[in-house]
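Data block below; observations after.
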Amino acid sequence: MQNNAIEPKLSPNEALKASSPTLAGTLAQTLADPQADHFSEEDAQFLKFHGSYQQDDRDLRKQGKKFIFMVRVRMPGGVLKPEQYVALDKLATDYGNDSLRVTSRQGIQFHGIIKTGLARTIRGINEVMLTTLAACGDVVRNVVTPPPVLHGLVGEQVLDDARLLSKSLLPQTPAYHEIWLNGEKLQLESEAAKNFEDPLYGKTYLPRKFKISFAIPPVNDVDIFAQCLGFIAIQEDGKVSGYNVVAGGGMGRSHGNHQTFPRLADLIGYIPREAVEATAWAVVGIHRDFGDRANRKHARLKYVLADRGVDWFRQQLEQRLGFALEPARPFVFTRQGDLYGWRQQPDGTWILGMFIETGRIRDTESRRLKTALRQVVEQFGLEVHLTPANNLLLVGIQDNKRADVTRVLAEHGVDPAQRVSAVRGASMACVALPTCGLALAEAERFLPQLMTHIEEAMQETGLANDEIIIRMTGCPNGCARPYMAEIALVGKAPGRYQLFVGGNPAGTRLNRVYKDTVKETEIVAELKSLFERYRRERLANERFGDFAARVLWLENAAQNNQAPAVVG
Ligand code: SRM
Ligand code: SF4
């Protein structure tokens with residue numbers, strides 16, 4: 001019988017992946033060609049799976065496209081040994097733009113690498129036992145955890161599980177080693193290479209990127225509900241007994257396309273700790289098999305859940321696991337927030353939590369942060385633990401070296417006490433211009449100065465000591481997870497932002513549009529009038545985000561003739 005059902009046309013990326021299942025494309029050939037300063041469009045897609053984006057400096061576009069590369073390092077839980085950090089610092093100086101960018105998924109990015117430095121950078125990263133494989137692309141990305149060092153044994157167990165998943169879910173392609181590491185020649189042109197099939201990802205990998213994170217209640221510093229798959233640690237007797245599984249979260253949306261939206265992950269159920277790897281394989285398998293391969297704007301796991309429902313998803317998962325999930329165990333999230341300043345560990349050593357504004361580690365004339373960090377890490381043998389809010393912890397400072405660490409930092413203009421305001425300390429901005437090809441407006445370069453004016457407005461309205469979580473992105477893709485913030489500014493066009501309000505510190509509620517367009521010059525006045533109302537009308541101990549959801553959402557709905565919003 002003839003099947004008349006029309007199969008949707010696959011997106012071009014699907015055919016491309018199928019054409020080179022090792023993900024090799026013709027990267028090696030272009031890499032070896034000294035005349036080529038960039039890769040073909042097809043190879044630029046393969047390059048992402050190897051952890052690099054082909055970009056151009058958008059500030060210089062008028063002078064003609066100058067190709068540069070972003071390289072992203074994958075490091076589960078954001079934990080770096082001293083020698084690893086020092087090596088990354090040197091690579092940034094030798095081949096990048098002399099800065100390191102701490103990412104919102106506990107990675108490190110290099111920017112501004114030219115083609116001749118690309119292989120050397122990737123090799124240098126691998127020489128210190130780190131990788132860039134699957135830092136980008138239609139695969140499972142860097143696995144995020146709360147900084148493990150803040151959570152004792154539970155933190156260690158969670159990090160072990162994150163590392164287990166990171167390794168187990170890594171693509172098996174031999175191409176990465178052959179192309180970048182000059183290892184044994186693996187005959188990429190051979191029939192075997194053409195027929196290569198990854199045990200998890202098959203020949204065409206996932207329909208889209210896939211994000212996994214762990215969380216340790218009551219702190220939701222990872223934004224667990226913004227993840228494709230989240231594991232919320234449940235403790236018994238000071239150890240992890242298992243995890244509540246959440247699935248189907250995500251941030252990305254496009255302006256004017258209502259088929260795309262941010263979504264909070266659903267709570268699926270509880271699994272024992274031993275089932276974490278099988279669960280991750282099963283959920284990734286569901287995305288692989290049911291994700292939309294025709295429309296990349298609708299291809300994330302969140303749309304599978306939105307379209308098919310949580311009951312369908314749980315059934316699929318249980319079928320693949322061969323056992324039923326227990327009901328989710330009780331847990332509560334109360335806050336986000338990174339540790340700043342000194343904290344002594346049970347073994348007597350110290351941690352220093354440092355605010356890294358918009359995640360950028362670089363030297364300026366007055367504040368030589370990059371040099372200072374390298375020196376203290378090298379001299380005192382400190383680990384560096386990155387946080388999911390683009391900050392870092394210096395770990396393992398001996399009690400008798402605290403003063404020395406302080407001195408070396410101070411010599412470079414870096415104050416370890418770093419008295420930043422609560423609102424600045426809670427802020428985040430994505431990379432945006434000049435490197436991000438998708439940026440519609442500034443973010444990283446603009447937020448620090450904007451925060452100064454926001455601080456003034458808060459001072460003038462009597463809110464100088466309040467913490468309000470403010471996030472800015474250069475486009476609606478959501479790389480700084482703006483839709484979880486109490487206030488978000490999302491780029492629409494140069495100098496224009498969409499204003500969102502109403503997220504909460506527990507990271508359990510999406511914010512909503514308050515104003516569709518605010519000019520960059522009007523942001524502070526707009527926020528100041530909201531701050532004034534907040535101070536006048538707030539309930540006792542009410543956070544700005546909760547006030548916005550209680551008062552501003554309802555007003556906005558009335559103005560727009562919408563049904564009143566439900567808070568929760
Ligand atoms: Fe992102 C694309 C930077 C975390 C959602 N993201 C990009 C690209 C690669 C632009 C591009 O495709 O050409 C950006 C590179 C800019 C540059 O010059 O460096 C970029 N994303 C980043 C980083 C560096 C932002 C940061 O300020 O730290 C983060 C790297 C994390 C890492 O180490 O792996 C980063 N991106 C995120 C997050 C947050 C998270 O995962 O917790 C999100 C929202 C969560 C989610 O995935 O839903 C995010 N990025 C996106 C999207 C929207 C995807 C979608 O579902 O529509 C894009 C666009 C795309 O994929 O087509 C994107
Ligand atoms: Fe680029 Fe948009 Fe992500 Fe910002 S949110 S880094 S502008 S893709």
Side-chain angles (χ1 to χ4, degrees), residues 49 51 72-79 103-107 131 133-148 155 157-171 198 200-201 205-217 220-234 240 242-252 263-271 273-291 299-305 313 316-317 320-321 325 386-388 478-479 481 484 507:
F49 291 81
R72 189 181 284 170
V73 191
R74 177 186 170 102
M75 46 180 94
V79 173
T103 76
S104 56
R105 295 194 70 76
Q106 292 175 310
T131 188
L133 176 61
C136 317
D138 297 344
V139 281
V140 174
R141 305 288 187 86
N142 196 35
V143 180
V144 172
T145 71
Q157 292 183 314
V158 163
L159 180 63
D160 285 347
D161 290 347
R163 284 179 167 157
L164 169 76
L165 294 194
S166 184
K167 195 161 172 226
S168 163
L169 301 166
L170 203 63
D198 186 273
L200 172 62
Y201 297 109
Y205 296 81
L206 299 180
R208 211 60 167 80
K209 58 178 81 167
F210 192 100
K211 312 231 172 136
I212 299 181
S213 176
F214 288 77
I216 305 177
N220 186 10
D221 47 0
V222 299
D223 279 323
I224 197 77
F225 295 103
Q227 310 290 324
C228 301
L229 172 61
F231 293 102
I232 300 173
I234 301 298
V240 177
Y243 295 103
N244 281 343
V245 177
V246 300
M251 296 279 98
R263 184 175 193 276
L264 293 181
D266 293 298
L267 188 55
I268 310 297
Y270 171 87
I271 53 150
R273 188 174 171 215
E274 312 76 74
V276 73
E277 188 180 9
T279 305
W281 271 65
V283 176
V284 173
I286 296 173
H287 186 216
R288 179 196 59 213
D289 299 343
F290 292 98
R300 300 291 300 273
L301 181 71
K302 66 181 174 182
Y303 297 116
V304 175
L305 269 117
F313 179 85
Q316 265 295 324
L317 177 58
R320 286 166 193 246
L321 282 172
L325 266 63
L386 309 176
T387 81
C479 298
R481 298 183 293 274
M484 309 304 303

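A quick note: this is a predicted structure, and the numbers were derived from the prediction, not measured.
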When rounded to the nearest 0.5 angstrom, what distance separates OG1 in T279 from CD in E274? 10.5 Å
So which atom in C228 and which in K209 form the shortest heavy-atom distance, rounded to 0.1 Å? SG-O, 4.3 Å
Once salt bridge (Lys or Arg N to Asp or Glu O under 4.0 Å) is applied, what residue pairs with a partner in residues 276-290 remain, sequence neighbours excluded? D289-R320
Which pairs pass salt bridge (Lys or Arg N to Asp or Glu O under 4.0 Å) with one or both residues in residues 133-148, sequence neighbours excluded? K17-D138, D138-R296
Separation between CG of L170 and CG of L165, rounded to the nearest 0.5 Å: 12.0 Å
Who passes ring-ring contact (aromatic ring centres under 6.0 Å, His included) against Y205, sequence neighbours left out? F49, Y201
Using a 3.5 Å distance criterion without hydrogens, assess whether the side chain of K211 forms a donor-acceptor pair with backbone atoms of V144. no
State, with a plain yes or no, whether a side-chain heavy atom of V79 is found less than 4.5 Å away from one of P147. no
R208: which residues meet the side chain to side chain donor-acceptor pair (under 3.5 Å) condition with it, sequence neighbours left out? none
Please check if the side chain of Q227 supplies one atom and the backbone of G250 the other of a donor-acceptor pair under 3.5 Å. no
With rounding to the nearest 0.5 angstrom, report the CD1 to CG distance, I271 to L321. 7.5 Å
R74: salt bridge (Lys or Arg N to Asp or Glu O under 4.0 Å) partners, not counting sequence neighbours: none
Can you tell me which residue among I216, V246, V245 is in a side-chain contact (heavy atoms from CB on, under 4.5 Å) with I232? V246
Nearest heavy-atom neighbours spanning V139 and P171: CG1-CG, 3.8 Å
Minimum side-chain heavy-atom gap F214-V222 below 4.5 Å: no
Given 3.5 Å as the limit, does a donor-acceptor pair link the side chain of T145 with the main chain of V158, or not? no
Would you say Y270 and I234 make side-chain contact, with heavy atoms under 4.5 Å? yes
Report the residues that fulfil ring-ring contact (aromatic ring centres under 6.0 Å, His included) with F290, sequence neighbours left out, ordered by chain and then residue number. W312
When every non-hydrogen atom of G291 is compared with those of V304, the smallest separation belongs to CA-CG2, 3.8 Å
I need the minimum non-hydrogen distance between G51 and A135, along with the two atoms involved. CA-CB, 4.1 Å
With a 4.5 Å heavy-atom cut-off, do P76 and N142 have their side chains touching? yes
For D223, give me all partners under side chain to side chain donor-acceptor pair (under 3.5 Å), at least two apart in sequence or on another chain. Q336, R471, R481
Full working for side chain to side chain contact (heavy atoms under 4.5 Å, CB included) between R300 and Y303: CA-CA 6 Å; R300 300 291 300 273; Y303 297 116; 4.2 Å; yes
Okay, side chain of S166, backbone of A162: is any donor-acceptor separation there less than 3.5 Å? no
Return the OG1 to NZ distance between T131 and K167, rounded to the nearest 0.5 Å. 12.5 Å
Residues forming a side chain to side chain donor-acceptor pair (under 3.5 Å) with T387, sequence neighbours excluded: D338
Looking only at heavy atoms, the pair that brings L386 and Q106 closest together is O-NE2, 3.0 Å
How far does SG of C479 sit from CE of M251, to the nearest 0.5 angstrom? 11.0 Å
Any residue meeting ring-ring contact (aromatic ring centres under 6.0 Å, His included) with F210, in chain and number order, not counting sequence neighbours: H287
Are any of the side-chain heavy atoms of L317 and V283 separated by less than 4.5 Å? yes
First locate atom CG of L229, then atom CG of L169, and finally report the distance between them rounded to the nearest 0.5 Å. 9.0 Å
Salt bridge (Lys or Arg N to Asp or Glu O under 4.0 Å) involving D161 - partner list, sequence neighbours excluded: R273
Given the rule in the side chain to side chain contact (heavy atoms under 4.5 Å, CB included) test, do F231 and I212 qualify, once you have shown the distances and angles that lead to the verdict? CA-CA 8 Å; F231 293 102; I212 299 181; 4.0 Å; yes
Sorted by chain and residue number, the salt bridge (Lys or Arg N to Asp or Glu O under 4.0 Å) partners of D266 (sequence neighbours excluded) come out as R263
